[in-house]
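The block underneath contains the structure these notes are about, expressed in structure tokens.
We're numbering straight along the sequence, starting at 1. We count ligands from 1, going down the list as the structure has it; atoms in each ligand are counted the same way.
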Amino acid sequence: MKSQARVVVIGGGVVGVSTLYHLAKKGWSDVVLVERHELTSGSTWHAAGLLPLFNMSYSVGQIHKYSVKLYGELEAETGQNVGFKQVSNIRLACTQDRWDEYMYYAGVAETIGIDVKVLTPDQVKDIWPLCNTDGLLGAIQHPDDGYIQPADLTQAFARGARALGAEIYRHTVVNAIEQAASGEWTVKTDKGDITCEHVVTATGNFVRQTGDMLGLDIPAIPVEHQYIVTEPHPDIVARQKQGLPEMGVLRESDASWYMREENGGLLLGPYEKGAPCCYIDGPSPDAEYELFQEDLERLEPHIETAINRVPAFGEAGIKKVYNGAICYTPDGSPIIGPAWDRKNLWLNEGHSFGVTAAGGAGWQLAEWIVEGEPSIDMMGVDPRRYGPYASRNYLIEKNEEAYANVFSVHYPDEERAAGRPLKRTPCYDRMKALGAVFGSVYGWERPNWFAPQGYGFDAAAIDADRPDVLMKENHAPVAEGELVRELWSFRRSNYFEHVGNECKNVHENVGLLDMSAFAKIEVSGSGARAWLDSILANRIPKKRGRIGLCHMLTANGGVRSEFTVYEHAPGRFYLVSAGAFERHDHDYLNKLCPTDGSVHLSPITAQYGVLVLAGPKSRDVLQKLTNADLSNAAFPWLSGKMISVGKARAHALRVNFVGELGWELHHEIEMQNTIFDALMEAGAEFGIKPFGIRAMDSMRLEKSYRLIPRELSIEYSAYESALDRFVHPNKGQFIGRDALVEWRERGANWRFVTLEVHGVTDADARGSEAIYLGDELIGRATSGGYGWRMQKSLALAMVRPDLGELGQDLEIKILGKRYKATVIPESPFDTENERLRA
Ligand SMILES: Cc1cc2nc3c(=O)[nH]c(=O)nc-3n(C[C@H](O)[C@H](O)[C@H](O)COP(=O)(O)OP(=O)(O)OC[C@H]3O[C@@H](n4cnc5c(N)ncnc54)[C@H](O)[C@@H]3O)c2cc1C
């Protein structure tokens with residue numbers, strides 16, 4: 001065994017071995033893998049080997065696509081047959097909502113380049129003659145999809161990696177992972193130590209123990225997953241004898257199971273409600289090829305629906321039930337990327353579709369390690385999308401929920417209930433009493449919208465068993481006995497007009513929004529300004545009290561993070577960024593921070609609340625509470641100062657994300673309710689009302705304000721995202737500057753545009769829709785919705801650069817239907833920002 005290597009990968013499941021292979025492929029041959037038992041002795045050996053391409057996430061979709069393509073080529077490269085059967089995958093739809101989901105997904109797939117076909121029930125019957133098509137609306141099919149032998153796939157990766165110089169040490173247990181002050185890692189095993197530059201963990205169900213060794217609470221815990229294999233069935237055996245093709249993988253999404261042929265019989269894999277987390281603190285040291293006692297009771301409802309759909313399933317005897325551990329995270333996506341707070345430590349954990357994801361996950365992680373950056377946007381799988389709030393017991397609740405919802409309809413406005421409410425701002429109860437319907441981001445409860453007094457639901461008109469019910473327990477009844485019941489949908493739903501009324505009130509009077517979830521950090525020290533200048537693309541405001549919008553770019557000139565920067569005291573800079581990216585953004589700052597003591601970082605998210613006061617009457621309201629001069633001359637747009645607000649004080653920043661006159665009031669958190677009450681009281685005569693994130697989102701679309709990771713992404717250069725006025729290549733060096741200059745010379749691949757979508761009556765774009773010129777796919781929507789102030793359906797999009805001129809007519813496909821879309825000016829509402837400057 002080597003005592004030194006460039007990279008040590010821990011874990012010889014399909015994910016770890018793929019990572020090793022891809023590192024070697026990138027030219028790093030001095031890489032080793034350590035596995036405690038045999039390769040695949042963890043979760044990999046008992047996987048059903050399905051390779052579902054279907055995924056609503058742009059990141060994960062691209063990862064799966066890469067895998068499936070690679071798996072078709074591996075045998076030719078390595079000589080190892082991987083048992084890849086490209087038998088296709090059919091997903092059935094029985095409800096309109098399911099159909100909408102598929103049509104939405106078809107847009108994601110099309111923009112990623114994944115082939116999806118639409119099938120009628122008769123076409124399903126042709127392909128799957130054993131399937132009863134009663135009650136089917138239709139189906140979608142992935143022709144490239146299929147299944148593979150996970151152990152053979154792992155061996156193919158191992159062969160490929162070894163051929164490129166990588167080494168694999170089996171029966172070697174990692175007992176400790178330590179980092180020296182120099183940054184060098186030591187991986188301590190029962191066979192000796194290996195020092196290295198980088199460590200990758202891919203430890204599957206052992207992730208909690210790995211986390212303990214590292215002192216990191218890695219947000220993954222496995223859940224039990226079962227599948228049933230039947231004895232051969234005469235009809236299938238007969239088909240085989242006739243040389244007929246396999247019928248492919250069948251997914252009955254509405255009954256939450258998949259099925260495929262297996263050795264002349266059938267294999268049924270349900271995602272049951274009530275499947276428990278397992279290995280909560282990790283498996284026992286001697287665990288290998290481990291299965292749990294099957295739980296047939298949990299499988300029963302699925303067996304019933306499976307027999308109904310495929311009667312042959314009920315006719316074949318059960319041969320074996322597998323019940324194994326499958327690793328989960330709260331959102332069901334894996335954890336791929338750098339660990340927080342540690343340099344050169346990489347996580348490839350939490351894989352629930354690990355056989356499918358292994359290829360792409362190994363590929364992108366290897367790029368990240370070797371080249372410093374992945375080439376696809378990995379925000380959806382970045383380990384830092386979770387914060388310290390994702391603790392053990394929270395994970396148990398969330399992961400069981402994620403597992404149970406693998407097949408639920410993935411509505412864009414879905415808000416899941418488990419583990420909530422978790423993080424609450426002081427004004428939570430006040431918002432709740434005002435009818436707040438909360439959403440959750442990064443553990444924080446944030447009002448999505450407000451149900452007005454008297455709003456309830458007509459119990460008779462709504463199917464109480466539908467799963468799309470907002471957590472009843474999570475907010476107050478709006479009137480005696482009346483519960484707010486939000487219907488999730490891909491279309492305009494029952495909260496639509498109430499969001500419209502919130503926008504109207506912000507536009508005509510004044511609204512109050514709780515944005516305390518913002519991530520906040522203070523940067524101070526003698527070198528603070530120079531350091532910020534060297535990492536951010538915009539000029540750091542020279543004058544104290546001025547506010548700058550500053551982006552941190554990748555070395556390739558893409559956009560990594562966005563900060564509002566405000567020097568609130570001499571040499572002390574207050575940086576605000578999106579709440580969801582607190583750990584992500586702060587980790588980058590931490591890792592870039594000079595170690596000579598010249599710069600000091602103080603994370604202060606939880607110390608400061610933020611109340612946003614916005615609307616033409618916001619000055620009147622705030623002026624009643626402060627002695628500060630709020631006139632335009634004394635307090636212009638994009639400036640900030642500490643002011644008194646009633647009995648309290650706040651840093652008032654004259655910025656907002658809705659395009660109206662207004663201030664963000666950043667205040668000591670314990671003063672929040674004092675400020676909240678004072679604003680509501682002072683604002684009563686001006687018609688103040690609270691508003692939520694959905695109204696904010698509608699208004700930000702009308703201002704063409706970009707969001708990470710939608711319009712801003714590591715995949716688009718800052719110029720492609722039209723950030724020209726925030727990027728100053730002439731100010732001196734900063735991260736991404738040179739690449740950006742080159743990018744400008746090379747020319748853009750994309751152009752950011754704002755689109756008006758014509759003829760929409762009930763389904764606005766949501767982001768990820770395909771955009772065409774004639775039959776040519778020329779772009780993708782990144783966001784979309786209804787602009788209430790403009791009374792127009794809008795989309796933000798990235799399109800081919802020559803098609804971004806004002807007035808250009810294009811088409812956008814929303815839920816399977818094409819609509820005309822015209823390029824309109826950026827910031828179509830109040831293009832000159834007169835209302836912001838008022
Ligand atoms: C019943 C069932 C069916 C499934 N079906 C599918 C499917 O159809 N398609 C799909 O894509 N996925 C499926 N999965 C999920 C899939 O099995 C996993 O996502 C995948 O195998 C994860 O691979 P991995 O490499 O991350 O983990 P593992 O295969 O568990 O590998 C982790 C390895 O790390 C080693 N290790 C851990 N700690 C240490 C240490 N300290 N020192 C040394 N070595 C260590 C372990 O021994 C283990 O071999 C299924 C899972 C189950 C349970």
* Is there at least one pair of N or O atoms, one from Leu50 and one from ligand 1, spaced under 3.5 Å apart? -> yes
closest protein heavy atom to atom 46 (C) of ligand 1 is Glu35 OE1, 3.5 Å
Among non-hydrogen protein atoms, atom 52 (C) of ligand 1 lies closest to His46 ND1, 3.7 Å
When you measure from the side chain of Arg309 to the backbone of Asn132, do you find a donor-acceptor pair of N or O atoms at a distance under 3.5 Å?
yes
Check: of Val14, Leu39, Val174, min heavy-atom distance to atom 41 (N) of ligand 1 comes from Val174
Is the shortest heavy-atom distance from the side chain of Val229 to the side chain of Ile318 under 4.5 Å?
no
Looking only at protein heavy atoms, what sits closest to atom 21 (O) of ligand 1 is Thr44 OG1, 3.0 Å
Query raised in the report: Heavy-atom distance under 4.5 Å between the side chains of Tyr71 and Glu73, does that happen here?
Result: no
Do Pro383 and Ile336 make a side-chain contact, defined as non-hydrogen atoms from C-beta onward lying under 4.5 Å apart? no
Arg583 to Tyr386 six-membered ring, cation-pi geometry met (6.0 Å, 45°):
no
For Gly324, the ligand 1 atoms with a heavy-atom partner under 4.0 Å come out as 53 (C)
Ligand 1 to Val34, heavy atom cutoff 4.0 Å, flagged ligand atoms 43 (C), 44 (N)
Candidates Ala48, Gly13, Ala361; heavy atom nearest atom 5 (N) of ligand 1 found on Ala48
Hits for side chain to side chain contact (heavy atoms under 4.5 Å, CB included) against Lys320, two or more places apart or cross-chain, chain-then-number order -> Leu291, Tyr322
Atom 11 (O) of ligand 1 sits nearest the protein heavy atom Thr356 OG1, 2.8 Å
Practice item. Decide whether an N or O pair under 3.5 Å exists between Val355 and ligand 1. Key: yes
Nearest non-hydrogen protein atom to atom 2 (C) of ligand 1, with distance, is His225 CD2, 3.4 Å
the protein heavy atom lying closest to atom 30 (O) of ligand 1 turns out to be Ser43 N, 2.7 Å
**Request:** Mark yes or no for whether Lys191, through its side chain, and His171, through its backbone, hold a donor-acceptor pair below 3.5 Å.
**Result:** yes
Tested for side-chain hydrogen bond (donor to acceptor under 3.5 Å, both in side chains) against Asn348, the lone hit among Thr19, Thr203, Thr201 is Thr19
*asked:* I'd like to know if Thr172 contacts ligand 1, where contact means a heavy-atom distance under 4.0 Å to any ligand atom.
replied: yes
Under 4.0 Å from one or more heavy atoms of Thr203, ligand 1 contributes atoms 32 (C), 34 (O), 37 (C), 38 (N)
The option among Ser41, Gly42, Ala202 carrying the non-hydrogen atom nearest to atom 32 (C) of ligand 1 is Ala202
Q.
For His37, state whether at least one heavy atom is located under 4.0 Å from any atom of ligand 1.
A. no
Per-atom filter on ligand 1: closer than 4.0 angstrom to a heavy atom of Ala325 are 53 (C)
Check: Taking distance alone, with no angle check, do Phe206 and ligand 1 share an N/O pair under 3.5 Å?
Finding: no
Within 4.0 Å of some non-hydrogen atom of His351, the atoms of ligand 1 are 18 (C), 19 (O)
Atoms of ligand 1 under 4.0 Å from any heavy atom of Gly12, numbered from 1 in the order shown, are 33 (C), 34 (O)
Logged contact type for Pro150 with ligand 1, heavy-atom cut-off 4.0 Å, is neither
- Hey, mind stepping through Trp346 and His198 against side chain to side chain donor-acceptor pair (under 3.5 Å) and telling me if it holds? CA-CA 8 Å; Trp346 308 86; His198 298 266; 3.0 Å; yes
One finds that the ligand 1 atoms under 4.0 Å from a non-hydrogen atom of Val15 are 23 (O), 24 (P), 25 (O), 26 (O)
If you scan protein heavy atoms around atom 44 (N) of ligand 1, the nearest is Arg36 N, 3.0 Å
Taking the ring centre of each residue, are Tyr258 and His302 less than 6.0 Å apart? no
Does the side chain of Leu39 come within less than 4.5 Å of Arg170's, by heavy atoms? yes
Within a strict 4.5 Å, meaning less than it, do heavy atoms of the Thr305 and Trp257 side chains meet?
yes
The closest protein heavy-atom partner of atom 27 (O) of ligand 1 is Gly204 CA, 3.5 Å
Note to self: I want to check something: taking the side chain as every heavy atom from C-beta on, are Thr40 and Val17 in contact at a cut-off of under 4.5 Å?
What the structure shows: no
Whether Tyr227 lies under 4.0 Å from ligand 1, heavy atom
yes
_Tell me if a side-chain donor or acceptor on Ser256 pairs with a main-chain N or O of Asn405 at a distance below 3.5 Å._
no
* Asked: Does the N or O separation between Gly49 and ligand 1 drop below 3.5 Å for any pair?
  -> yes
Which side-chain N or O atoms in residues 146-157 pair as donor and acceptor under 3.5 Å with protein atoms at least two apart or in another chain?
unit_1 : atom_1 : unit_2 : atom_2 : d
Tyr147 : OH     : Glu246 : OE1    : 2.9
Tyr147 : OH     : Glu246 : OE2    : 2.6
Thr154 : OG1    : Pro150 : O      : 2.7

